[in-house]
Structure formats: C-alpha cells, structure tokens
Amino acid sequence: MLLADLVATSAAVAATRSRKAKTAAIAERLAQADPAELEVVTSYLAGSLRQRRTGLGWRSLATLPAAAAEPSLTVLEVDAAFRRMQALSGPGSAAARTAAVGELFRRATPDEQGWLRGVVTGEVRQGALDSLVQEALALAAGVPLADVRRAAMLAGSTVAVAARAFAGSDALAEVGLEVGRPVLPMLASSAPTVAEAVAKVGGRVAVDTKLDGIRIQVHRDGDEVVVATRTLDDITGRLPQVVDLVRSLPAERLVLDGEAISIGDDGRPRPFQETASRTATRTGVGTHVSAYFFDLLHLDGRDLLDQPLAERLAALDALVPEPHRVARVMTEDADEAAAFAARVLESGHEGVVVKSLAAPWEAGRRGAGWIKVKPVHTLDLVVLAVEWGSGRRRGWLSNIHLGARDPETGGFVMLGKTFKGMTDEMLRWQTERFTELAVDGTDGWVVPVRPEQVVEIALDGVQRSTTYPGGVALRFARVLRYRDDKPPHEVDTIGTVQAMLGG
DNA sequence: TTCCGACAGTGGGGTCGCAAT
DNA sequence: ATTGCGACCCCACTATCGGAA
C-alpha cells in the first residue's frame with residue numbers, strides 16, 4: 001500500500017465530523033491492506049508509529065527537504081525507515097538521524113510530509129484514535145466490536161489483534177490473559193464528591209485510598225517478575241523492592257494491579273515528584289518506593305478478570321499482606337464512605353476511588369466501574385500573558401499565564417499556565433478582552449497583557465518548581481471563572497501559594 | 001425528543017537519559 | 001559541566017457524536 005493512499009484516508013477522516021463516516025473510511029482502507037502490512041496500516045490509521053521511540057520530535061523536523069512531486073513511498077518502506085532511526089544511538093546518531101529524516105522526507109509529497117510530521121509528533125488530529133480504529137476493524141472484518149476491544153485489552157494493543165480480527169471472532173477469543181504480558185489498565189472517571197460517586201456507582205461499593213504515585217501492574221511467573229506502567233512500559237529494573245515483595249508472596253503465578261509510591265519515615269506519603277524521580281531513574285538510589293496493591297487479575301492458573309470486584313478483592317486480601325494493600329472500606333452508605341475519605345485526606349493521601357463491587361475488570365471504559373474523588377483548591381490570580389491557540393483553538397487566545405501578587409514589590413510572580421476549563425464562549429470573550437489589554441512585546445505567539453484581569457483557578461495542589469521565580473508551580477490548574485468583582489491588588493499572594501507546599 | 005456515555009482534542013509541570021555544545 | 005530535546009510520569013476539562021431512554 002502506498003503511503004499516499006493512507007494519507008488520503010487520513011484527510012478524508014479529518015474532513016468529516018461524523019464518527020460513522022470516519023469509521024467507514026478507516027474500515028475501507030484496512031480492508032485493502034495486505035496481511036504483511038496490516039499491523040503498520042492499523043497503527044498509522046490510529047495516528048501512531050509502531051516504534052515507541054524514534055528520537056525524533058518537533059525540533060528534528062523543523063527544517064525539511066523539498067517535497068517530491070509524485071507519491072512513491074509504501075507504508076512498509078516508511079516503517080523500515082523509522083525502524084532504522086529507532087536503532088540509532090551513541091555519538092553521531094543525531095547526524096545519522098538527520099540524514100535518515102532527509103532521505104525519507106525527500107521522497108514524500110507535501111501532503112505526505114505533513115502527515116509524517118504529525119505522526120512523529122503525535123499530532124495527526126484527524127478525529128480518530130485507537131477506539132475508532134477498533135470500531136473500523138470490527139466493521140471491516142465483520143466481527144463484534146466487543147470482541148475486538150476485549151482482545152486488544154488482553155493483548156495490550158489494538159495493532160496486536162488486527163490480524164486476528166480478520167481471522168474472525170474465534171481467533172479473537174483465543175486471546176487470553178497471559179502472565180508476563182501486560183494488559184491495558186482499567187481507568188477511572190471522576191466526581192466532585194464522594195456522595196455523588198457512591199450514587200453514580202450504585203449499590204455496595206469499595207472505597208479505595210487513592211495514592212499519588214505511579215500505577216503499576218506486576219506479573220509473576222515463578223521467579224520471573226515484570227513490572228509495567230500505565231502505558232505498559234517495562235520498569236522492572238527500577239523497582240527492585242517491588243520485585244522482591246511480589247516474589248515473596250505465597251503463589252506461583254499472579255497478576256497484580258497497584259500503585260508505587262515513596263513513603264516517608266513518618267508514614268506519610270512523599271510528594272509525587274519524589275516518587276517520579278525515584279521510578280524514572282535506572283541506576284540511582286534514593287527514597288524507598290513501596291507497592292500498594294488494589295486488584296488481582298490472575299492467581300495460579302485462575303483468571304479473575306471476569307469475576308466481580310468483590311471476589312477479586314477477597315482473593316487479593318488472602319494473598320497480599322495488609323501493609324501492602326491500599327486502605328479500603330466496603331459500604332453502601334455514602335456517609336461512611338465520606339468519613340473514610342476524610343480520614344484518607346487526613347493521612348496525607350490524594351483522595352479515594354469508589355468502585356462497584358459487582359463490576360468485572362474492564363479496560364478502556366473510563367466512567368463505568370471506577371470513580372475517583374479528589375479535593376479541589378482554588379486561588380484568585382491575575383493574567384500576565386496569553387498564548388495563541390492551535391488546532392481547533394486556532395485564532396483564539398487560549399493558554400493563559402498566571403501570576404500571584406508579590407506584596408513586597410507590588411508586582412506579580414508567574415506560577416504556571418492553563419488552557420483548561422474554557423468553554424468556546426469564554427475563548428471568544430478572552431480573545432477580545434486580552435486583545436484590549438495587550439501591551440507591546442509579543443513574539444507572535446505569547447501576548448503580554450496589562451495585569452488587570454483576575455481569574456479564579458481550581459487546582460489539585462502545588463509543587464516545587466525550578467521553572468518559575470516563586471519556586472512553586474500549580475498542579476492541574478484550570479479556569480473556574482473570570483472575576484470582574486475583584487481588583488488585581490486583592491488576588492492571592494505568592495506567600496499564600498508557597499505555604500501550600502508544606503500542607 | 002432529550003439525555004448521557006464515549007471519544008478526541010488541547011494542552012499543563014516535572015523528571016530523567018542522551019547527544020551535542 | 002551545561003543545554004536542549006525527546007520520552008513519559010502525573011493529569012482536567014470541553015465539544016461532539018450517536019445510541020439509550
């Protein structure tokens with residue numbers, strides 16, 4: 001298959017807003033793929049390369065050679081080119097990579113160059129990702145979507161089951177949970193209060209402590225242990241204590257789901273930054289990282305995936321010692337759940353996850369069985385500058401720079417940015433408003449403004465920063481509303497924000 | 001007809017590893 | 001030694017489609 005054909009499909013998918021039409025276009029292209037190229041085509045139609053890392057990013061593609069007039073690249077040639085680039089490392093690899101990019105892009109037409117750049121930077125933006133490709137696979141192969149989804153969950157990717165989809169439902173059904181091969185993780189949606197989460201889940205629920213660490217999935221087969229992250233990255237070598245712990249459990253084959261986090265000598269959780277640092281480093285030592293498990297998917301030959309959570313938890317409790325499980329209550333009473341959540345926060349943890357005790361394990365259904373609840377802080381800050389948006393926000397002033405008041409200088413200290421929480425109406429309004437407040441000094445991207453507009457910001461908390469002058473940055477900041485009832489000299493001070501670090 | 005679940009898009013800060021400077 | 005890029009950890013929120021109610 002020519003890359004040009006695939007790029008044409010991507011353009012057609014981008015050109016319509018109808019999901020059905022997108023799915024149909026993708027399905028048509030999938031049906032035309034040879035068996036040998038099916039995995040590459042499936043991956044490309046979802047907007048991703050098959051190579052996890054290429055060493056290429058937006059910067060590497062800033063300058064490109066002149067484009068070809070006629071299409072000639074095949075999808076397999078493109079895959080081979082990226083495979084070669086992935087293999088490059090060591091001194092001189094950057095130059096070799098640049099040469100390889102030149103070779104590939106010289107053979108691409110302007111449209112193909114645009115698509116190649118998008119797939120490398122993860123910005124194909126055609127309005128279809130993995131989920132719609134799963135639908136397209138089901139459509140093209142004439143198999144139920146649920147079969148495709150389940151096989152993809154168990155195999156850890158959609159690409160891995162594309163060929164089986166075309167071989168039929170029976171072939172898909174042969175894909176089972178394999179100890180040692182990570183499955184796609186089950187995700188949680190969120191709710192503002194515990195009471196709402198309990199009501200939404202319904203019936204008897206488990207309320208788990210939500211730890212602010214790294215999600216881990218641990219597989220053990222005899223002495224062989226594999227630790228994987230949420231994106232199924234293998235981090236076994238970085239968490240030796242977790243490996244030892246799981247080896248010590250009284251079972252031979254198992255699959256556990258949990259969280260890795262640094263806990264201080266006082267028994268309270270360390271900031272997320274410490275856990276991240278510790279788990280990101282391959283060789284270094286540092287604070288101890290402990291594992292706390294909250295689910296069990298397999299135990300000694302028995303798959304628990306399809307069992308209700310209540311049964312999985314019973315098996316978990318029998319297997320894993322209490323100090324290595326997340327604290328939990330099981331109840332039907334929203335007040336009891338809320339009281340537990342209050343104790344969890346008191347102990348320094350992030351929040352709770354409310355789970356249906358009747359629900360089986362189901363990846364990729366954010367919203368069904370698990371609902372997280374975290375407290376929200378708010379600050380009133382002033383807007384210091386705005387950035388022009390991209391994609392669907394092109395032409396709108398989008399990402400705002402936030403500042404707290406510095407009582408000593410009478411000025412403002414930047415704490416971070418946010419583009420979240422804005423409706424289209426707010427984007428329209430702020431584009432007009434900040435155009436009025438703009439001062440000289442724009443670089444064409446960032447527009448500095450007079451610090452006069454106050455905004456109420458919601459955030460999960462603050463963290464240490466080496467980027468911002470106050471030494472603190474906001475975590476997950478989003479706009480609640482613009483405030484015209486509050487003058488800039490009354491917004492929160494940098495001292496107030498710094499004090500939240502200790503909290 | 002209205003409601004709501006699922007999906008994609010738009011990016012945020014921090015940390016490390018690696019190659020180049 | 002320092003710098004810049006790429007990769008990946010955590011993540012919130014809105015708009016929209018299309019099936020469910």
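As a basis for the values below, the full set of heavy atoms in this structure was taken, side chains included, without hydrogen atoms, waters or symmetry mates. Numbers restart at 1 for each chain; the letters A, B, ... are given by sequence-line order, proteins then strands. Bear in mind that the values here come from a model prediction, so they are computed numbers and not experimental data.
If you check every strand for non-hydrogen atoms under 4.0 Å, A/K22 touches nothing. Using a 4.0 Å heavy-atom criterion, one finds that A/A477 contacts no nucleic acid atom at all. Heavy atoms of A/K417 sit under 4.0 angstrom from primed sugar atoms or phosphate atoms, though from no base atom. Nucleic acid contact class of A/D233 (heavy atoms, under 4.0 Å, all strands): sugar-phosphate only. Counting non-hydrogen atoms under 4.0 angstrom, A/Q126 reaches the backbone sugars and phosphates but no base. When heavy atoms are screened at a 4.0 angstrom cut-off, A/R149 is found touching the sugar-phosphate backbone but no base atom. Contact annotation for A/A94: backbone-only contact, meaning every heavy-atom pair under 4.0 Å involves sugar-phosphate atoms and none involves a base. No contact: A/T418 has no heavy atom under 4.0 Å from any strand. Across all strands, A/T54 comes closer than 4.0 Å only to sugar-phosphate atoms, never to a base (heavy-atom distances).
Remark: A/T229 is in phosphate contact with C/dC9, judged by side-chain N or O atoms under 4.0 Å from OP1 or OP2. For C/dC10, one of the phosphate oxygens OP1 or OP2 lies less than 4.0 angstrom from a side-chain nitrogen or oxygen of A/R230. Between A/N399 and B/dT10 there is no side-chain polar atom (N or O) within less than 4.0 angstrom of OP1 or OP2. Remark: A/R52 is in phosphate contact with C/dC8, judged by side-chain N or O atoms under 4.0 Å from OP1 or OP2. OP1 or OP2 of B/dT10 lies within a sub-4.0 Å distance of a side-chain N or O belonging to A/R125. Proximity of A/S390 to the phosphate of B/dG11: a side-chain N or O atom is located under 4.0 Å from OP1 or OP2.
For the atom pair CD of A/Q113 and CG of A/D111, the computed distance is 10.0 Å after rounding to the nearest 0.5 Å. Remark: A/I216 CD1 to A/T229 OG1 distance equals 10.5 Å, nearest 0.5 Å. Distance check, rounded to the nearest 0.5 Å: CZ of A/F82 to CG of A/L49 gives 5.0 Å.
Protein atom NZ of A/K420 is 19 Å distant from nucleotide atom P of B/dA8, rounded to whole Å. A straight line from CZ of A/R19 to C1' of B/dG9 spans 11 Å, rounded to a whole angstrom. The CZ atom of A/F419 sits 11 Å away from the C1' atom of B/dG13 (whole-angstrom rounding). A/D130 has its CG atom 16 Å from the P atom of B/dA6, to the nearest Å. Taking atom CZ on A/R394 and atom P on B/dG9, their separation rounds to 16 Å, with Å as the unit. For the pair A/W429 CH2 and C/dT14 C1', the computed distance is 18 Å after rounding to whole Å. Taking atom CD1 of A/I216 as the reference point, atom P of C/dC10 lies 11 Å away to the nearest angstrom. If you measure from atom CZ of A/R97 to atom C1' of B/dA20, you get 12 Å, rounded to the nearest angstrom.
Taking only side-chain atoms of A/F476, from C-beta outward, the nucleotide of C/dC10, B/dT10, B/dA8 with the closest atom is C/dC10. Closest to the side chain of A/T281, from the set B/dG17, C/dT14, B/dA20, is B/dG17. In the set C/dC13, C/dC9, B/dC7, C/dC13 carries the atom at the smallest distance from any side-chain atom of A/R478. Side-chain atoms of A/R17 lie closest to C/dC17 of the nucleotides C/dC17, B/dG11, C/dC11. If you check B/dG12, C/dG18, C/dC11 against the side chain of A/K210, the one that comes closest is C/dC11. Taking the side chain of A/R59 as heavy atoms from C-beta on, and the options C/dC10, C/dC5, B/dG12, the nearest nucleotide is C/dC5. Checking C/dA12, B/dC16, B/dA8 against every side-chain atom of A/K374, the shortest atom distance belongs to C/dA12. Nearest nucleotide to the side chain of A/R475, out of B/dA8, C/dC10, B/dG11: C/dC10. For A/S89, the side-chain atoms get nearest to B/dA19 when compared with the rest of B/dA19, C/dC9, C/dC8. Here C/dC9 is the nucleotide among B/dT10, C/dG19, C/dC9 with the atom lying nearest to any side-chain atom of A/I214.
Residues A/T231 and A/S60 each lie close to DNA chain C; by heavy-atom proximity, the contact nearer the 5' end of the strand is made by A/S60. Heavy-atom nearest nucleotides on DNA chain B were determined for A/F272 and for A/G92, and the one closer to the 5' end corresponds to A/F272. Between A/W58 and A/E350, the one whose closest nucleotide on DNA chain C sits nearer the 5' end is A/W58. The 5' end of DNA chain B is approached more closely, in terms of each residue's nearest nucleotide, by A/L129 than by the other of A/L474 and A/L129.
Residues of residues 457-469 of chain A having a heavy atom closer than 4.0 Å to DNA chain B, listed by number: A/Q463, A/R464, A/S465, A/T467, A/Y468.
Taking the six-membered ring where the residue is Trp, A/Y482 and A/W429 present tilted rings, their angle falling between 30° and 60°.
For A/R392 against B/dT10, no side-chain N or O and base N or O form a donor-acceptor pair under 3.5 Å.
Using a 3.5 Å distance cut-off with no hydrogens or angles, the side chains of A/R29 and A/T9 do pair a donor with an acceptor. In the model, A/T16 has no side-chain atom that pairs as donor or acceptor with a side-chain atom of A/S18 under 3.5 Å.
Residues A/V472 and A/Q463 form no side-chain contact, since every pair of their non-hydrogen atoms from C-beta on lies 4.5 Å or further apart.
Results of the salt bridge (Lys or Arg N to Asp or Glu O under 4.0 Å) test with A/E387 over A/R393, A/K417, A/R394 single out A/K417 as the only residue that passes.
Here A/D424 does not pair with A/R428 in a salt bridge; the nearest charged N to carboxylate O distance is not below 4.0 Å.
With a cut-off of 3.5 Å on both pairing distances, B/dC7 has no Watson-Crick or G-U wobble partner at all.
Counting non-hydrogen atoms of other residues, nucleotides and ligands closer than 6.0 Å to CZ of A/R481 gives a total above 12.
The cationic atom of A/R478 (NZ for Lys, CZ for Arg) does not lie both less than 6.0 Å from the six-membered ring centre of A/F419 and within 45° of the ring axis.
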